[in-house]
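Down below is the structure, laid out as structure tokens.
The structure presented is a predicted model; accordingly, all values stated were derived computationally and were not measured. Whatever order the structure lists ligands and atoms in, that order sets their numbers, starting from 1. Any value given below was found using the heavy atoms of this structure, including those in side chains, with hydrogens, waters and symmetry copies removed.
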Amino acid sequence: MKDDCIFCKIAKGQIPSATIYEDRHFRVMMDINPATKGHCLIIPKEHFDNIYDLDGETAGRLFSLATCIARALRDALGCEGLNIVQNNGEIAGQTVFHFHLHLIPRYKGDDVKVAWVPHESDPDQLEEIRKAIKAAI
Ligand code: AMP
Ligand code: ZN
């Protein structure tokens, strides 16, 4: 638990939240400023700043839970699609520095933008980058 972390306090139930699901490891709650109807967050109860800190066991449990919540959103709300978003670092849009996964139900005509501009790739450069990443695993 990190003293000044709002999501630690929410995860542990010290600050109230609109909770959908809770177990020993996670709390799932409604996002207070939802992108769409049903936008919710999965928060581990243990503090991790971001994905770099997350251990494999928690990550496995997290994604298993995400599949369950995704189906619940589809069945309860009839969304036509779903984005899973997870921001790491300020430049990537992270504003709360306690790891969390966004589940954003999608509806025809909504105003969500999860987009990037695709660039053409240079095969030599791509190969260089592939090797660098492979070597770092
Ligand atoms: P991110 O930008 O990925 O760090 O996302 C942080 C998210 O947390 C935003 O979508 C906020 O709306 C949401 N949020 C911040 N404070 C609360 C809170 N007290 N309860 C629920 N959601 C929150
Ligand atoms: Zn925290």
Option with minimal heavy-atom separation from atom 12 (O) of ligand 1, where the choices are Asp31, Leu101, Thr95: Asp31

Contact atoms of ligand 1, heavy-atom distance to Asn33 under 4.0 Å: 12 (O)

Atoms in ligand 1 with a heavy atom of Met30 nearer than 4.0 Å: 21 (C)

If you measure from each heavy atom of Gln86 to ligand 1, is any distance below 4.0 Å? no

Is the number of heavy atoms from other residues, nucleotides or ligands within 6.0 Å of CD (Glu57) greater than 12? no

Just one of Lys108, Arg106, Lys37 clears the salt bridge (charged side-chain N to carboxylate O under 4.0 Å, His left out) bar with Glu80, so which one? Lys108

Relative to the heavy atoms of Met29, which atoms of ligand 1 are at a distance of less than 4.0 Å? 20 (N), 21 (C), 22 (N)

Parallel, tilted or perpendicular: rings of His102 and His39 (30°, 60°): tilted

Quick check: of its N, O or S atoms, which one does His98 have closest to the Zn ion (ligand 2)? ND1

Taking everything shown except Asp3 itself, do over 12 heavy atoms lie less than 6.0 Å from its CG? no

Within 4.0 Å of some non-hydrogen atom of His102, the atoms of ligand 1 are 1 (P), 3 (O), 5 (O), 7 (C), 10 (O)

Please name the atom of His47, limited to N, O or S, that comes nearest to the Zn ion (ligand 2). ND1

Rounded to 10°, how many degrees is the angle SG/Cys5-the Zn ion (ligand 2)-SG/Cys8? 120°

In terms of hydrophobic clusters joined by side-chain contacts under 4.5 Å, are Phe48 and Phe63 together? yes

Is the closest heavy-atom distance from Gly93 to ligand 1 below 4.0 Å? yes

Nearest protein heavy atom with distance in Å, relative to atom 8 (O) of ligand 1: Phe7 CZ, 3.5 Å

Look at ligand 1 and say whether Phe97 reaches it with a heavy atom at a distance under 4.0 Å. no

Considering only heavy atoms from C-beta outward, does the side chain of Met29 approach that of Glu22 to under 4.5 Å? no

Atoms of ligand 1 close to Asn87 [distance to a heavy atom under 4.0 angstrom, numbered from 1]: 1 (P), 2 (O), 3 (O)

Under 3.5 Å between any N/O of His39 and any N/O of ligand 1: does that happen in this structure? no

CD1-CG distance between Ile69 and Leu41, expressed to the nearest 0.5 angstrom: 11.5 Å

What is the closest protein heavy atom to atom 5 (O) of ligand 1, and at what distance does it sit? His100 NE2, 3.0 Å

Among all protein heavy atoms, pick out the one at the shortest distance from atom 18 (C) of ligand 1; state its residue, atom name and that distance to 0.1 Å. Ile10 CD1, 3.9 Å

Judged by heavy atoms only, the candidate from Ile15, Ile32, Ile104 nearest atom 22 (N) of ligand 1 is Ile32

Roughly how far apart are Ile104 CD1 and Thr36 OG1, rounded to 0.5 Å? 6.5 Å

Report yes if Leu41 has an N/O atom closer than 3.5 Å to an N/O atom of ligand 1; otherwise report no. no

Side-chain heavy atoms under 4.5 angstrom apart, residues restricted to Ile, Leu, Val, Met, Phe, Trp, Tyr: same cluster for Phe26 and Leu82? yes

Dump the intermediate steps for salt bridge (Lys or Arg N to Asp or Glu O under 4.0 Å) on Lys2 and Asp49, then the final yes or no. CA-CA 10 Å; Lys2 218 175 155 191; Asp49 280 353; 3.8 Å; yes

Evaluate whether atom CD of Glu127 has more than 12 neighbouring non-hydrogen atoms of other residues, nucleotides or ligands under 6.0 angstrom away. yes

